[in-house]
Amino acid sequence: MLSKKTKYAIKALMVLGRNYGKEPMQIVKIAEEERIPKKFLEQILLEMRNAGILYSKKGAGGGYSLNKAPEDIYLSQVMRLIDGPIALLPCVSLNFYRSCEECVEEHACGIRDTFIEVRNAMLQILNDTSVAQLINKEKHLSLE
């Protein structure tokens, strides 16, 4: 399940993506726009700034802005940064692999084999979906 922290991170990135190329946005404005608790949002934005996704400016006219174009920020990157593994089982994770304690023969495990397929399908979508695409998708959905 997608954590609230990751969902808030994506929502904040979408706000900043719609504001891309303009003045930095203050945390208060982002928090109000997306109804995210300000203190929680501060932690999330700091994490993304430390990872190089965001840029922050202090003082008058300060705030946060995207450090990259919205087209270059992908859901898989954000999810891994905020929550770690995307895979549903540790034994199928590409970046956070761990063998399962109860597993006797990993290579012959039907559960593992199935969840590798699930991981691959999910990664295909997450690796191909950028913040810009989410913003465009939202625009189209609001017109329906």
Side-chain angles (χ1 to χ4, degrees), residues 1-59 62-142:
M1 188 178 299
L2 191 65
S3 74
K4 204 168 244 189
K5 187 176 180 184
T6 298
K7 189 174 182 182
Y8 287 163
I10 294 167
K11 286 174 156 284
L13 288 170
M14 289 175 69
V15 170
L16 292 168
R18 287 189 289 270
N19 196 59
Y20 186 65
K22 300 176 187 169
E23 291 296 312
M25 289 185 74
Q26 294 182 339
I27 292 173
V28 172
K29 183 153 174 49
I30 300 167
E32 285 174 0
E33 201 168 311
E34 289 299 329
R35 296 197 297 232
I36 302 171
K38 185 180 171 276
K39 283 286 183 199
F40 197 27
L41 182 59
E42 285 173 355
Q43 295 171 347
I44 294 167
L45 295 178
L46 185 62
E47 223 172 299
M48 291 195 290
R49 189 201 73 194
N50 292 341
I53 296 172
L54 300 180
Y55 166 81
S56 67
K57 180 181 173 187
K58 293 183 180 187
Y64 281 90
S65 55
L66 296 181
N67 209 22
K68 313 175 181 186
E71 295 81 16
D72 297 327
I73 302 170
Y74 292 91
L75 290 182
S76 57
Q77 174 188 13
V78 178
M79 289 176 69
R80 282 190 178 115
L81 172 67
I82 303 298
D83 279 339
I86 291 173
L88 299 174
L89 294 173
C91 65
V92 301
S93 179
L94 294 174
N95 297 305
F96 301 90
Y97 172 84
R98 245 182 30 252
S99 62
C100 296
E101 294 173 18
E102 69 282 353
C103 197
V104 180
E105 290 187 61
E106 189 174 271
H107 69 280
C109 179
I111 296 169
R112 180 177 190 269
D113 192 58
T114 299
F115 279 87
I116 286 173
E117 291 177 38
V118 171
R119 178 209 61 207
N120 291 343
M122 211 162 70
L123 273 178
Q124 180 72 51
I125 295 166
L126 297 174
N127 284 334
D128 291 345
T129 306
S130 69
V131 169
Q133 288 169 307
L134 288 178
I135 293 167
N136 287 333
K137 196 174 278 198
E138 216 171 61
K139 283 179 191 172
H140 284 65
L141 289 170
S142 66

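Taken to the nearest 0.5 Å, the CG atom of L126 stands 10.0 Å off from the CD atom of Q124. To the nearest 0.5 Å, atom CG of residue L54 and atom CD of residue E47 are 11.0 Å apart. Remark: L41 CG to E32 CD distance equals 11.0 Å, nearest 0.5 Å. Between the CD1 atom in I30 and the CD1 atom in I44 there is a gap of 11.0 Å [rounded to 0.5 Å]. Note that the CE atom of M1 and the CG atom of D83 stand 12.0 Å from one another [nearest 0.5 Å]. Here the CG atom belonging to L2 is positioned 5.5 Å from the CD1 atom belonging to I10, to the nearest 0.5 angstrom.
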>> Does V92 form a side-chain contact (heavy atoms from CB on, under 4.5 Å) with V118? I'd like the steps, not just the answer.
In response: CA-CA 10 Å; V92 301; V118 171; over 6 Å; no

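The two residues S99 and C91 come nearest to each other via the heavy atoms CA-CB, 4.5 Å. Of all heavy-atom pairs between Y97 and E106, the closest is OH-OE1, 2.7 Å. Closest heavy-atom contact between Y55 and N67: CB-OD1, 3.9 Å. Across Y8 and R35, no two heavy atoms sit closer than the pair OH-O, 4.4 Å. Looking at every heavy atom in both residues, F115 comes nearest to L88 through CE2-CD1, 3.8 Å. Of all heavy-atom pairs spanning G17 and L66, the tightest one is CA-CD1, 3.5 Å.
A salt bridge is defined here as a Lys NZ or Arg NE, NH1 or NH2 lying under 4.0 Å from an Asp or Glu carboxylate O, and R18 with E34 meets this definition. A salt bridge links K39 to E42: one of the charged nitrogens lies within less than 4.0 Å of a carboxylate oxygen.
Under the 4.5 Å side-chain criterion, counting only non-hydrogen atoms from C-beta, K68 is in contact with Q77. Taking 4.5 Å as the limit, every side-chain heavy atom of L134 sits out of range of all side-chain heavy atoms of L13. Residues L94 and I86 fail the side-chain proximity criterion, which asks for heavy atoms closer than 4.5 Å. Considering only heavy atoms from C-beta on, Y74 comes within 4.5 Å of S130 through its side chain. The shortest side-chain heavy-atom distance between R119 and L123 falls under the 4.5 Å cut-off.
The number of heavy atoms from other shown groups lying within 6.0 Å of CD (Q26) does not exceed 12. Environment of CD1 in I111: sparse, with no more than 12 heavy atoms of neighbouring residues, nucleotides or ligands closer than 6.0 Å.
Between the side chain of N136 and the main chain of H140, no donor-acceptor pair closer than 3.5 Å is present.
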